[in-house]
There are 2 protein chains.
Amino acid sequence: MGKADIYEVAKAAGVSISTVSRAFTRPDLVSDKTRRKVLDIADKLDFNISRSATALKSGRTNRVALLMNEEITSWFNTQTFAGIESMMHPAGYDISLFQHIDTEQNRREFFTDLPIRRNVDAVFVASFAIDPHETEQLKRLHVPIIGINTPSVDGFDATVSIDDERGMYTATQHLINLGHKHIVYPCSEAALLNSSIDARTRGFIRACQDGEHKHELNWQVLSVPRGPAFADSALSALLALDEFPDAICCQMDMMAIPLVLKLERYGHRTPRDYSIVGFDDSPYADTINLTTMRQDPYAMGRTAAGKALKLIDGKELDTPHEVVEAQLVPRGTDMPFGDVE
Amino acid sequence: MGKADIYEVAKAAGVSISTVSRAFTRPDLVSDKTRRKVLDIADKLDFNISRSATALKSGRTNRVALLMNEEITSWFNTQTFAGIESMMHPAGYDISLFQHIDTEQNRREFFTDLPIRRNVDAVFVASFAIDPHETEQLKRLHVPIIGINTPSVDGFDATVSIDDERGMYTATQHLINLGHKHIVYPCSEAALLNSSIDARTRGFIRACQDGEHKHELNWQVLSVPRGPAFADSALSALLALDEFPDAICCQMDMMAIPLVLKLERYGHRTPRDYSIVGFDDSPYADTINLTTMRQDPYAMGRTAAGKALKLIDGKELDTPHEVVEAQLVPRGTDMPFGDVE
DNA sequence: TTGAAAGCGCTACCAA
DNA sequence: TTGGTAGCGCTTTCAA
């Protein structure tokens, strides 16, 4: 009872180990009666095919790597992970997670040692800037490399990305179209490592520059240090302004949500006193009725995983590189400038 | 270049494959010069030890299973996962995730097929009720079984759990001590599968029953269907009450936070009009200044993983079963009954 | 300190 | 449909 190997099962079933193996992995090649008997005995003996042995024999690892910025606990990372997992797990793959590839030291270590070399069937790179040298290193793994929200498609076999720049352009334009004249973009500095954040800032700036041609516009990027208190820093910076803006455009909901809640304590209420839009449509955005740009990292994870599975199988991709658009979700934190509630 | 096996490395380095192997896994058994040379050549040839082969040879899988209720995307599950990962990854283990072991069908499938049999070195069971038959099935895996927030320690080699019942007792008592007379406990039905929720409800009820002996008390459990709209259901149920309560005790922050935000739209403001306490100290609890019971699933994950690693190594645990207490985090949503802001 | 060789548990080829 | 068998890439005795 317990710990039986394939030989014991074969003996108990009166068949060869080949047949036991086939009963599990090629059921169609085994007669119904034999297969049933084998599986039955295997169950009694607590036997199962060893993934390690299968992996060794097949030359596949049944494992993929996922590299991410920061912690998996952020909304974006969790959703991405869950999306990838939802495709890869049923396909028999485990995900080997490498977090915090966002510090100089971790990056160097990872890309020098390349601990995943020969040990994964594909690599996902989620949402961070990666330089050409690092891409070269990944190529030495000789496995498919799939990017999610990477700043460029260079060196990637497949990518799926949101158009952050355009998304934020849309959000900003929305505020400008509502007639707002004084727009502030509170922005936590994450510049070097998170491509999404940079792209969004560029989108805001471009929309404002375009808008200036048609309307008078007073806009600014309000940069605050990153870290756990970035929202409070942004709050202080906003309150320290000579004149409070009539619109706030946020790089992400995690900035917008605290601002909406805390500005109220200082007498600034949305949409009565100012409009605000977020980005992500992350948890509680709906609860506080935040107008925001929706992106769906879970779906992006699934798309990326689908591409990975095809590439692992040696198939060609019809569209290796996909770009998705963020969608404006109009809710209750924006109003035409000058209107009264 | 690329895809070299251990023989090529051995040849290029002028040593045997044994020495190559040792250079990686037993560096102390190889002379400095030889080791350096081998590792250098291995790097040039993009070689690395195969985990599959190591696993097969050693009899270990370097993989653990994590079974969870629902999606990994919930706050509790993500934190738990991240905690386990933070210990297991550096120790060389991948986590094979099994989500949604909370439907009758998924459970039956999982515990019948036992897909992890012979394929993991340990199993974590996170936060759900598991019956004796299922525990028996897990035992057939002949690997350590570690529970996180399981309703009982029976059948587990180790557990780490929060005392939900006592935590909620404390929260409720806190409200009673503030002098509140009319306390409602909005509760989403998750009864059968989530042991924590049940225990918390019991804690609330017991605290109220104890409190009744000393004060007059009007308390009730307000049960609403589970699902994505549970907070809105609770909101409706609260507003439909003949008399609005002066205190609300919530099974979790995800109930409390929407209630605080939405009740305000109906003129009920905390702490002016009512006190409310949550449970978890999850994201935005601090932002809205919610008084709540803090638990730390990340730390529980780490503790559980530490136990798992010892058990995998065949060591005995000093304290296989640990219970931690939730801590009251006093913030701004509670006030002595009758006080004016 | 190093090398030779057996064998971990399986899959897949070939033969029956 | 089934069985025999080589070999996947490594680790680990044992011997040198």
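Chain letters run A, B, ... following the sequence lines, proteins first, then strands; residues in each count from 1. Everything numeric here is computed off the predicted structure, so don't read it as measured data.
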Would you please indicate yes or no on a ring centroid separation below 6.0 angstrom for B:Tyr298 and B:Phe76?
no

When rounded to whole Å, the NZ to P distance for the pair A:Lys33 and D:dT1 reads 13 Å

In whole angstrom, what separates A:Arg118's CZ from D:dG9's C1'?
7 Å

To the nearest angstrom, how far is A:Tyr7 atom OH from C:dT11 atom P?
12 Å

Would you kindly give the CZ-to-P distance between A:Arg36 and D:dT2, to the nearest whole Å?
13 Å

Protein-nucleotide distance (B:Asp5, atom CG; D:dC10, atom P), rounded to Å:
7 Å

Using 30° and 60° as the class limits, which term best fits the ring planes of A:Phe98 and B:His89: parallel, tilted or perpendicular?
perpendicular

Per-nucleotide protein contact string for nucleotides 11-16 of chain D (B base, S sugar-phosphate only, - none; heavy atom under 4.0 Å)
BBB---

Separation of atom CZ in B:Arg60 from atom C1' in D:dG9, rounded to whole Å:
19 Å

Taking only side-chain N and O atoms of B:Ser52, does any of them lie within less than 4.0 angstrom of OP1 or OP2 on D:dG9?
no

Base, sugar-phosphate or nothing for B:Asp32? Non-hydrogen atoms, less than 4.0 Å.
nothing

Hey, are B:Asp40 and B:Lys33 close enough for a salt bridge, meaning a charged N less than 4.0 Å from a carboxylate O?
no

Separation of atom NZ in B:Lys11 from atom P in C:dA4, rounded to whole Å:
14 Å

Is any NZ, NE, NH1 or NH2 atom of the basic residue among B:Asp94 and A:Arg63 found under 4.0 Å from an Asp or Glu carboxylate oxygen of the other?
yes

When you check the gap from the basic side-chain N to the acidic O, do A:Glu316 and A:Lys310 get nearer than 4.0 Å?
no

Interatomic distance, OG1@A:Thr80 vs CD1@A:Ile72, rounded to 0.5 Å, equals 9.0 Å

Here the distance between atom P of D:dT1 and atom NZ of A:Lys37, to the nearest Å, is 17 Å

Which one, C:dT2, D:dG4, C:dG9, comes nearest to the side chain of B:Thr34?
C:dT2

Step-by-step ring pair (Phe, Tyr, Trp, His ring centres under 6.0 Å) determination, B:Phe156 to B:Phe124
CA-CA 10 Å; B:Phe156 288 92; B:Phe124 294 91; over 10 Å; no

